[in-house]
Amino acid sequence: PNHPGCARSVKIEGAPMSVAGKRSRNKVAIVKGQDNPKGGACNGEPDLVSWKLEGKMNEAADQIFVDFSPKGGPKDLIGKWDKDGIVFPDGNKWTKKVVE
C-alpha cells in the first residue's frame with residue numbers, strides 16, 4: 001500500500017434519487033481514511049489527517065469509482081474488487097479486514 005498502517009473504510013449506501021424522482025442505478029460509496037501529513041506510513045504517528053470522499057459503485061458491484069480530487073488525485077479513479085480487497089490501477093490494494 002502507498003500508506004501502510006493508514007485506516008481506510010468504504011461504506012456502500014443506497015442509490016440516490018434524482019430531481020426527476022428516479023433512483024440512480026449506482027449506489028453511493030463513502031470512502032474515509034487517515035493519512036500521515038508527512039507522507040508514508042501511519043504506524044505510531046500521533047497527528048494523522050482524516051479525510052472523507054464520495055464515489056459510486058457500478059451495477060455489478062465489482063468496481064468502485066472514487067473522486068480523489070479533493071486530495072489532489074484523479075476525479076474518477078476506478079478500483080476493482082479482487083477476492084479480498086480493492087485494487088487500483090497503480091497496483092495499490094486496500095485489503096478487506098473484518099471488524100469485530
Side-chain angles (χ1 to χ4, degrees):
N2 290 343
H3 304 278
C6 297
R8 301 288 188 258
S9 71
V10 178
K11 180 180 179 185
I12 305 302
E13 298 182 344
M17 291 287 257
S18 73
V19 291
K22 289 189 162 190
R23 189 162 299 281
S24 169
R25 295 176 151 219
N26 298 327
K27 293 183 177 182
V28 173
I30 304 299
V31 181
K32 294 181 182 179
Q34 291 183 316
D35 288 336
N36 181 341
K38 301 172 197 164
C42 287
N43 300 334
E45 283 295 321
D47 298 317
L48 300 176
V49 177
S50 295
W51 49 265
K52 179 180 174 183
L53 304 172
E54 194 167 302
K56 59 189 174 195
M57 186 71 113
N58 71 345
E59 284 186 74
D62 61 354
Q63 290 185 339
I64 186 171
F65 305 85
V66 184
D67 180 3
F68 279 93
S69 62
K71 291 184 65 204
K75 182 158 179 58
D76 276 321
L77 187 64
I78 299 173
K80 296 182 181 184
W81 182 253
D82 181 39
K83 299 177 189 166
D84 63 347
I86 300 170
V87 178
F88 293 96
D90 65 357
N92 195 19
K93 184 173 184 177
W94 295 358
T95 304
K96 182 176 181 176
K97 300 200 187 272
V98 177
V99 178
E100 296 179 19

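What you see below is based on every heavy atom in this structure, not just the backbone, and it leaves out hydrogens, waters and symmetry mates. These numbers were taken from a predicted model, which means no experiment stands behind them.
Counting non-hydrogen atoms of neighbouring residues, nucleotides and ligands closer than 6.0 angstrom, the CG atom of D47 reaches no more than 12 such neighbours.
Atom CG of residue D82 and atom OG1 of residue T95 lie 9.5 Å apart, to the nearest 0.5 angstrom. To the nearest 0.5 Å, the span separating CG on D84 from NZ on K97 amounts to 9.5 Å. Going from atom CZ of R8 over to atom CG of L53 covers 9.0 Å, rounded to the nearest 0.5 Å. The OG atom of S69 sits 11.0 Å away from the CG atom of L77 when rounded to the nearest 0.5 Å.
Among all heavy-atom pairs drawn from E59 and N26, the shortest one is N-OD1, 3.7 Å. Residues A29 and I12 come closest through the heavy atom pair CB-CD1, 3.8 Å. The shortest heavy-atom contact between I64 and V66 is CG1-CG2, 3.8 Å. Contact detail for F88 and I78: the closest heavy-atom pair is CD2-O, 3.8 Å. Taking every heavy atom of both residues into account, E13 and K27 meet most closely at O-CB, 3.1 Å. Of all the heavy atoms in Q63 and M57, the pair that sits closest is O-SD, 3.0 Å.
Under a hydrophobic clustering in which Ile, Leu, Val, Met, Phe, Trp and Tyr are joined whenever their side-chain heavy atoms come within less than 4.5 Å, directly or via other members, W94 and W81 fall into the same cluster.
With sequence neighbours left out, the salt bridge (charged side-chain N to carboxylate O under 4.0 Å, His left out) criterion links K96 to no other residue. With sequence neighbours excluded, the residues satisfying side-chain contact (heavy atoms from CB on, under 4.5 Å) with V49 are P37.
Annotation: disulfide (SG to SG under 2.5 Å) contacts involving residues 23-78, sequence neighbours excluded, comprise C6-C42.
For the pair K52/I30, a side-chain contact is recorded, criterion being any heavy-atom separation below 4.5 Å from C-beta on. Between E54 and D67, every side-chain heavy-atom pair lies at or beyond the 4.5 Å cut-off.
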